[in-house]
Amino acid sequence: MDHDLVIRAQNGDEQAFASLAVAVGDRLHAVAHRILRDIDLAEDATQQALLAIWRDLPQLRDPARFEAWSYRLLVRACYAEGRRTRRWTPTLRLLPSDEPADGDALGSVHDRDQLERGFRRLSIDHRAVVVLHHYLDLSIDEVAESLGVPAGTVRSRLHHAMRGLRAALDADLRPAAREVV
Amino acid sequence: METDRDTTRIVRSWLEEGRTTLPDRVLDAVLDRVPATPQRRPWWPVWRTPPMNTSAKLAIGMAAVAVVAVVGIGVLSGRGAVGPGGTVPASSPLPKLGMPGHTASPAGMYGSQLDPGGRTRMHNVVETWTEIEFAALEDCFAAGEWSEPVPVTIGGLDALSVEPYRGDPSVPLRREPQATTAAYALPVGDRMLCAYLSWGPATTPTELDAARAVIRSIQAQPVGRAIRFVFTTEAGWDTG
């Protein structure tokens, strides 16, 4: 990240902030989409996070930490959007279909369904740790810095989340209705 | 049965799927709102470290060693321990906190030492009920519902606060009807000191201010696997 751009935006340069937003927007949106599993909510969370970045940028002490700091604001925005999504629950269901395994790393539609369901059962805290670590490839310490929590908490959340996802993948294949979300 | 490695591979592959581009209309909406969104300026001076040559770094390093030595001598002479959360009197025994009763303690400094998973609480017995519960947990905001975390500084620690907080039953909370709880997470070393402040609809603003002052006064430091902390109360709190 261009530190000069960050410093100029901190000082109120709207053009510099526009360049920053273009530079980080895609990545923030990709992370939000993976945490929230909903395109509309992810767009709202990204928009809120970008505005929060502009608003609070003067309080960032070290421009070198801009990226980690921006993830923290994004995860906060995801908390807010995640609360919105809790107020409704999808009720439509599809009958199962016999999808053959396609042999790729993800295995089958069944795996995707099970992962999706298992992931949605996790709290935003746990989802954020999984996405930052396994999607962005941040180290445990970098995730801890991004979220503002101790590294031990990150390890614990990651362990808990991966255990939940593994249990979801291990769930039996009995025919059952699948949720449509 | 999936192995850990299989699960990681499958999850990583699954995460690669999905949208990666922010639509232009979202970006445009943000940039349209920027001119009308004032920036929050900090009340503290924003400092940045200028580039330093080796001599300057060496001088600063020697100065830091000197400061550490002076502080260390102070600690060894029994004047108190300096922890990441500020100065916590470590040499004197801490007054023990007890479970809620009906004995108001005098104003003063109180403290406790919590092992991992430990908890203790106190309440105000003068006015309507207000309660503070302290816990040494791995995650202060465990499963449940909470508001957006807000950064706060308590005793020199960069902490987080949520208000209101409705945690799951594993988190110690006052569960009166219509109770409101504010939760504070203070990172102490690699551990977490959690403070849960609960109050009822009849709690007066003055009482709530006094309770928040107790939270703001917390000074904490790690002691082995435990967290040692002290705080100051006005009269009226039952601290056992």
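All chains are named by letter (A, B, ...) in the order of the sequence lines, taking the proteins before the strands, and each is independently numbered beginning at 1. Keep in mind that what you see is a predicted model, and the values were worked out from it rather than measured.
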- Query: Do you know which of A:S156, A:A21, A:A30, A:A42 has the most heavy-atom pairs with chain B at a distance under 4.5 angstrom?
  - Reply: A:S156

- Message: Is A:V22 close to chain B through its backbone or its side chain, or both, or neither, when contacts mean heavy atoms under 4.5 Å?
- Response: both

- Determine, step by step, whether B:Q113 and B:R228 satisfy the side chain to side chain donor-acceptor pair (under 3.5 Å) criterion, reporting the C-alpha distance in whole Å, the side-chain angles of both residues, the deciding distance to 0.1 Å, and the verdict. CA-CA 4 Å; B:Q113 189 162 306; B:R228 184 182 176 92; 3.1 Å; yes

- With a 4.5 angstrom heavy-atom cut-off, could you sort out which part of B:R25 is near chain A: side chain, backbone, both or neither? side chain

- With a distance cut-off below 6.0 Å to the six-membered ring centre and an angular limit of 45° from the axis, does B:R12 pair with A:Y135 as a cation-pi contact? no

- Message: For A:Q15, is the CD atom crowded, meaning more than 12 foreign heavy atoms sit under 6.0 Å from it?
- Response: no

- Task: Would you mind checking which part of A:R72 comes under 4.5 Å of any heavy atom in chain B, side chain (CB onward), backbone (N, CA, C, O), both or neither?
- Result: neither

- Query: Checking B:D115 side chain against B:A226 main chain: does a donor-acceptor pair fall under 3.5 Å?
  - Reply: no

- Should the heavy atoms of other residues, nucleotides or ligands under 6.0 Å from CZ of A:R65 be counted, would the total exceed 12? no

- Message: Tell me whether A:R27 at atom CZ has more than 12 heavy atoms from other residues, nucleotides or ligands lying less than 6.0 Å away.
- Response: no

- Residue A:A151 versus chain B: region with a heavy atom under 4.5 Å: neither

- Message: Between A:R34, A:Q47, A:E14, who has the most heavy-atom pairs with chain B when the cutoff is under 4.5 Å?
- Response: A:R34

- Note on the structure: Greatest number of non-hydrogen atom pairs under 4.5 angstrom with chain A, of B:L27, B:V34, B:T8, B:V26, falls to B:V34

- Go through the atoms of A:H134 and report whether side chain, backbone, both or neither lie under 4.5 Å from a heavy atom of chain B. both

- Task: Could you tell me if the ring centre of B:F231 sits under 6.0 Å from that of B:F134?
- Result: yes

- Task: Go through the atoms of A:L122 and report whether side chain, backbone, both or neither lie under 4.5 Å from a heavy atom of chain B.
- Result: neither

- Query: Heavy-atom distance under 4.5 Å to chain B: side chain of A:V31, backbone, both or neither?
  - Reply: neither

